[in-house]
2 protein chains.
Amino acid sequence: MAFSSKTEYGLVALIELAAIYSSGAVLQVAEIASRQSIPDRYLEQMLTSLRRGGILRSIRGPKGGYQLVRPPADVLVSEVVSCLEGDAASRDAAERSTPEFQVLHGLAGQLERARLDLLEGTTLQQLLERRDALLQAQAMYFI
Amino acid sequence: MAFSSKTEYGLVALIELAAIYSSGAVLQVAEIASRQSIPDRYLEQMLTSLRRGGILRSIRGPKGGYQLVRPPADVLVSEVVSCLEGDAASRDAAERSTPEFQVLHGLAGQLERARLDLLEGTTLQQLLERRDALLQAQAMYFI
DNA sequence: GGAGTTCCCGATGGATGTAGTCGGGAATAC
DNA sequence: GTATTCCCGACTACATCCATCGGGAACTCC
């Protein structure tokens, strides 16, 4: 798959949080985790990274939980991804410098560029809309 | 980096082999490995995969070595990549099927599509030309 | 102010994959 | 027949991924 499970879990949680953003409500780790069938103590780590990355805010204690800091339309998927998989810090540029390696390094750059273009061109809002379209389609199916 | 070292080493070797393809000559593992400063016994494994994938042919014994089966213009980078990193066979479709996961699966598909488009749109011939352009540019620099 | 709830933080462990090493065998040229 | 080259598979060291866990800090509500 194109996403690590860290990234996938984090994004899934964010879509859920995007859906309730306008209401000002919060969601708890355990809620999201059980709905999505992912380990709650693991999901917690992702939400922590997202909080440190300025994407989420948290509230402690009973009735606590997480919510988006910014509206979903202002959160780029690229931010989220780099926040979640960037914790293992180093992108090494090992630089073997024969011309053949340089050419491949250029191609690798094109690939990363293409990936980034897509991720920068997608917001949480859009993911949410796609989810809702999917739900609509499923509702149709049952009529 | 966007390529594993397996893939990178394999492609580097293929660029060298593409450069001498029209002469009908062969190159030996040890030659390529020492020029590119990569472990020869390791490179050997990649060339074996490429032979099994129908991209290279080999000749044994003294004066032996490897050569491309097809002209460089007929070898897509996508073939090479799937041959080199596809040996660990399974692309798993673990399919957690909440709508949120489905949306992400769709996005992952877009990403893979974009990657494949680039790799299918690039041939060994093109990589060779880029290398030669780079060599030209460096030659200029020394005048 | 005490109890329960929720987030917070770091340590730990197993499974898997990556990058390489190695020993010995088979074909070929000279 | 000997040296050279490719051929084949096993093995290891290390890192990274995917969690699991124990205990602490803030907060609500009674």
Side-chain angles (χ1 to χ4, degrees), chain A residues 1-13 17 25-34 36-53 55-69 81 84-92 94 96 101, chain B residues 1-13 17 25-34 36-53 55-69 81 84-92 94 96 101:
Chain A
M1 53 180 147
F3 294 122
S4 70
S5 77
K6 256 191 173 69
T7 304
E8 211 174 18
Y9 295 169
L11 279 169
V12 162
L17 288 164
V26 299
L27 285 179
Q28 301 178 345
V29 178
E31 284 182 79
I32 303 174
S34 83
Q36 301 291 340
S37 312
I38 55 190
D40 55 348
R41 297 297 296 271
Y42 189 42
L43 179 59
E44 203 176 13
Q45 294 177 33
M46 275 110 258
L47 298 190
T48 298
S49 296
L50 292 169
R51 179 178 51 79
R52 287 178 180 151
I55 290 170
L56 291 180
R57 89 166 45 97
S58 63
I59 296 158
R60 295 209 253 191
K63 310 246 169 171
Y66 288 90
Q67 61 186 185
L68 286 177
V69 171
V81 168
L84 286 168
E85 67 194 21
D87 59 7
S90 56
R91 293 283 164 220
D92 64 295
R96 278 203 202 59
F101 274 106
Chain B
M1 51 177 149
F3 295 121
S4 69
S5 77
K6 255 190 175 62
T7 304
E8 210 175 20
Y9 295 169
L11 280 169
V12 162
L17 288 164
V26 300
L27 285 179
Q28 302 179 345
V29 177
E31 284 182 79
I32 302 173
S34 83
Q36 301 291 339
S37 312
I38 55 191
D40 54 347
R41 297 297 297 271
Y42 191 41
L43 179 59
E44 203 176 11
Q45 294 177 32
M46 275 108 260
L47 298 191
T48 297
S49 297
L50 293 169
R51 179 177 52 80
R52 288 177 180 151
I55 291 170
L56 290 181
R57 87 165 48 96
S58 63
I59 296 160
R60 295 210 252 190
K63 309 249 170 165
Y66 288 89
Q67 61 185 184
L68 287 176
V69 170
V81 169
L84 285 167
E85 69 193 18
D87 60 6
S90 57
R91 291 285 164 218
D92 66 297
R96 278 203 202 58
F101 274 106

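Numbers restart at 1 for each chain; the letters A, B, ... are given by sequence-line order, proteins then strands.
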Problem - Sidechain-backbone polar pair: B/Gln28 side chain, B/Gly64 backbone, donor-acceptor under 3.5 Å - result: yes
Handout entry: Phosphate OP1/OP2 of D/dC7: any B/Arg51 side-chain N/O under 4.0 Å
Key = yes
Practice task
To the nearest Å, give me how far apart CD (B/Gln67) and P (D/dT5) are.
Solution key: 16 Å
Exercise for the section: Could you tell me the separation between the CG atom of B/Leu43 and the P atom of C/dT21, rounded to a whole number of Å? Expected result: 12 Å
Problem - Spacing between A/Phe3 atom CZ and D/dC18 atom P, to the nearest angstrom - result: 13 Å
Problem - Point-to-point distance, once rounded to the nearest 0.5 Å, from OG1 of B/Thr48 to CG of B/Leu56 - result: 9.5 Å
Practice task
Hey, which sits more toward the 5' end of DNA chain D by its nearest nucleotide, B/Ser58 or A/Pro62?
Solution key: B/Ser58
Exercise for the section: Remember a base hit wins even if backbone is also touched, and classify B/Leu47 as base, sugar-phosphate or nothing at under 4.0 Å, heavy atoms. Expected result: nothing
Fill in the blank from the handout: Rounded to 10°, the angle between the first-five-pair and last-five-pair axes of the helix from C/dG1-D/dC30 to C/dC30-D/dG1 is 10°
Handout entry: Distance test, side-chain N/O of B/Thr48 to OP1/OP2 of D/dC8, below 4.0 Å
Key = no
Practice task
Taking the side chain as every heavy atom from C-beta outward, state whether A/Leu47 and A/Arg51 have any pair of such atoms under 4.5 Å apart.
Solution key: no
Handout entry: Integer-rounded Å distance: C/dT6 C1' and A/Tyr66 OH
Key = 9 Å
Completion exercise
In whole angstroms, the gap separating C1' of C/dG20 from CD1 of B/Ile38 amounts to 12 Å
Problem - Pairwise distance CE(A/Met46) to CD1(A/Ile32) - rounded to 0.5 angstrom - result: 12.5 Å
Exercise for the section: Would you kindly give the CZ-to-C1' distance between A/Arg57 and D/dC27, to the nearest whole Å? Expected result: 17 Å
Practice task
Could you state the atom-to-atom distance from CD1 of B/Ile59 to P of D/dT4 in whole Å?
Solution key: 19 Å
Problem - Sub-4.5 Å side-chain heavy-atom contact between A/Ile55 and A/Val69 - result: no
Exercise for the section: To the nearest Å, give me how far apart CG (B/Leu56) and P (D/dT5) are. Expected result: 18 Å
Handout entry: Polar side-chain atom of A/Gln67 near backbone of A/Arg57 as donor-acceptor pair, under 3.5 Å
Key = no
Problem - Under 4.0 Å protein heavy-atom contacts per nucleotide of nucleotides 19-25 of chain D, with B for base, S for backbone only and - for none - result: BBBBBBB
Handout entry: Sequence-distant partners of A/Arg41, side chain to side chain donor-acceptor pair (under 3.5 Å), two or more places apart
Key = A/Glu44
Handout entry: Of the listed nucleotides D/dT28, D/dC6, C/dC7, the one nearest the side chain of B/Gln28
Key = D/dC6
Handout entry: Given DNA chain D, 5'-ward residue of the pair A/Lys63 and B/Lys63, judged by closest heavy atom
Key = B/Lys63
Exercise for the section: Determine whether B/Leu84 and B/Phe3 make a side-chain contact, defined as any pair of heavy atoms from C-beta on separated by less than 4.5 Å. Expected result: no
Exercise for the section: Determine whether A/Tyr9 and A/Gln36 make a side-chain contact, defined as any pair of heavy atoms from C-beta on separated by less than 4.5 Å. Expected result: no
